[in-house]
Amino acid sequence: MDSKKVRIAVLISGNGSNLQALIDAAARNDYPARIVLVISDKVDAYGLKRAENAKIPAFTIERNNYSTREEFDAAINAKLSEYNVEIICLAGFMRILSAWFVNKWSGKILNIHPSLLPDFKGAHAVRDALVAGVKESGCTVHLVTEELDSGKIIGQERVPVFLDDTEEVLHKRIHEKEHILYPLALKILINN
Ligand code: GRF
C-alpha cells in the first residue's frame with residue numbers, strides 16, 4: 001500500500017504547522033501521499049523538530065552557503081532526487097524559487113498562501129488584507145509558476161474578517177482553515 005503513495009517533500013522556513021497538517025493527514029492509511037523529506041532554509045525552523053518527531057528525514061539548506069539562487073535551488077533539487085520526490089509542497093517557505101527550478105517541477109509544486117488569491121499576493125498578505133479593510137479573507141493552495149502567487153488555484157477556504165482583528169488574530173483564523181485545505185488540495189492534485 002505504502003509503496004503506491006506519492007512521495008512528497010515539504011519545504012519550510014518556520015513553524016511548520018501546515019507541515020504538521022500534512023504529516024497528520026499522510027498518517028492515514030487511505031491518504032494517497034507520504035511525506036518522505038522535509039527541507040528548511042532556516043536551521044532553527046520549528047518544523048524541523050516536527051519532522052524529527054515524525055521520523056521524517058529533514059535537512060537544512062541555507063541560502064547563504066550558495067552564491068546564486070540557481071546553485072541553492074540545485075542543492076535542493078539534488079536532495080529531492082535523492083529521495084525520489086514526486087510532488088513538492090511549499091509550506092511557509094520564504095524563498096522565491098528560480099525559473100529553472102519551477103519549470104523543472106512544473107505542475108508538481110504546490111504553495112499555500114494566506115489570502116484569497118489573486119488578492120493580496122506577496123509576503124504580507126494578512127496585513128495587506130486588514131489594511132484594505134476587506135470583510136472576508138482566507139487561504140489558497142495553488143500551483144507554483146514563475147510569477148509569484150499566480151499559478152492555477154487548486155483550492156480556497158474563506159474566513160470572516162472582524163473590525164477588531166489584529167494581524168495575529170486573523171492569521172490564526174486563516175491558519176485553522178489552511179490545515180484543512182492543504183491536505184485536501186494535495187489529494188486533489190494527486191487524484192487529477
Ligand atoms: C502560512 O500562513 C502560509 O499560508 C504562509 O506561511 C504560513 C506558514 O505557516 N505561506 P506554518 O509555518 O505552516 O505554520
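Side chains included, hydrogens not; waters and symmetry mates left out as well; all remaining heavy atoms used. Note that ligands are numbered from 1 as they come in the structure, with each ligand's atoms numbered from 1 the same way.
In this structure, I180 has no side chain to side chain contact (heavy atoms under 4.5 Å, CB included) partners at least two apart in sequence or on a different chain.
Note on E168 versus K172: no salt bridge recorded, every NZ/NE/NH1/NH2 to OD/OE distance being 4.0 Å or above. Ion pairing between D73 and K104 fails under the 4.0 Å rule for side-chain N and carboxylate O. The pair R127-E167 counts as a salt bridge, with a side-chain nitrogen and a carboxylate oxygen less than 4.0 angstrom apart.
Inter-residue side-chain proximity for S13 and D41 is flagged as met; some heavy-atom pair is nearer than 4.5 Å.
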Between ligand 1 and the protein, find all N/O pairs closer than 3.5 Å and give the distance for each.
unit_1	atom_1	unit_2	atom_2	d
ligand 1	2 (O)	H171	NE2	2.7
ligand 1	2 (O)	E178	OE1	3.0
ligand 1	2 (O)	E178	OE2	3.1
ligand 1	4 (O)	I112	O	3.3
ligand 1	4 (O)	P114	N	3.4
ligand 1	4 (O)	E178	OE2	2.4
ligand 1	9 (O)	H175	NE2	3.0
ligand 1	10 (N)	I112	O	2.9
ligand 1	12 (O)	G16	N	2.8
ligand 1	13 (O)	S17	N	3.3
ligand 1	13 (O)	N18	N	2.9
ligand 1	13 (O)	N18	ND2	2.9
ligand 1	14 (O)	S17	N	2.9
ligand 1	14 (O)	S17	OG	2.5
ligand 1	14 (O)	H175	NE2	3.3

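Between the side chain of R50 and the backbone N or O of N15 there is at least one donor-acceptor pair closer than 3.5 Å.
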